[in-house]
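Structure first, then comments.
In each ligand, atom 1 is the first atom listed, and ligand 1 is the first ligand listed.
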Amino acid sequence: MRAVRFHDRHHIRIDDVPPPGEVAGNQVLVRPFYCGICGTDLHEYLHGPISPTREPHVFTGAKIPQILGHEFSGRVEAVGPDVTNVAVGDRVSIQPQMAPPDEYYGKRGLYQLSPKVGVVGLSWWWGGMADLAIVNEYNAFVVPDSVSDLQAALVEPAAVAVHAVDRAGIRPGWSVLISGFGPIGALCALAARAAGASTIIVAETNQKRLNFATALLPGAVAVNPKQNNLADVVRSVTEEGIGVHAAIECAGVGPALNACTAAVRRQGVVVQVGLQTSPVEINLLEWVFKDIIVRGSICYPSDSWPRVMDLIGSGLFPVEKVVTSVVDLENVMSHGFERLLDPDGGEVKVLLRVSADA
Ligand SMILES: [Zn+2]
């Protein structure tokens, strides 16, 4: 079968690999429909291996070459004898994280916090960018009729956004700054709107992405901080010029975090979602005098799927609108990775069409 595999930095290709054999115990065999290319995948391509390991993974035992794809929907093709939550033929969306179920965070379903977390498509034997994938029973969630196969492939990044909005505590009528308008920024903006944010400001330096923000979020204030003073804009659109209630930082660059702490009102909340891969110089005096909360936000609790799918199915969270291209698996590099890595490119979210059924 076809599988997009990470071999090493700058070395990802489609390989012909043996399909999975019998599914045992609590395992589920899935035929992926759509699979997203994530910023994490791009990061692995440029700087990896980070999540995939050369030695067997501490929990799953998987190692390079790693089949990619942790954001996917599909159909159940077979189930192990102990599986009870899904059946052959079910449409499913995959929650890709796993952790030792008998350890502190695993027992609580907080796989994302486990030091031994494994992820389908990053540190597990199988991934969504392949004709078939094996996952654990608890990784597969049945998709309601109100959610399409394409939307179901977006539940994973959408869950990241919903968790960030939870961490920001966004309430009806709030003003919110979204910093960085890649796929996670775009989904955070949609999730903030679904949570009731009435004033949304988007800060993004890529003009194509900023134009996309304007189209995606009618009524939002789009700012290119290279051309306009973000602080002035924030003042001009918030009550008495005091700043936004909350800021969600998705760009992952130091100046963006500082722009967020400057933009929130006193006792405001800043949530850091983007991965700041270098230390950031901050002004703690500002944080203290403004009495603000600055929080990290990583992934999502593993029980997010039904809630996020309900939100999508209700029409309040139109996640499909962040998709800028759907490309065949065969073109994963030329139409996927290469276009997403173009610094002046207009792509935001690229989905791979893996199965002909999709
Ligand atoms: Zn991802």
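- Under the ring-ring contact (aromatic ring centres under 6.0 Å, His included) criterion, Trp174 pairs with His245, sequence neighbours left out.
- The distance between the ring centers of Phe6 and His11 does not fall below 6.0 angstrom.
- Aromatic ring centres of Tyr138 and Tyr111: separated by under 6.0 Å.
- Listed by chain and residue number, Tyr104, Leu110 satisfy the side-chain contact (heavy atoms from CB on, under 4.5 Å) test with Arg108 (two or more places apart in sequence, or in another chain).
- Not a single ring-ring contact (aromatic ring centres under 6.0 Å, His included) links Phe212 to another residue, sequence neighbours left out.
- Distances under 2.8 Å from the Zn ion (ligand 1) pick out the protein N/O/S atoms Cys38 SG, His70 NE2, Glu71 OE2.
- No hydrogens or angles considered: nothing links the side chains of Ser304 and Gln95 as a donor-acceptor pair under 3.5 Å.
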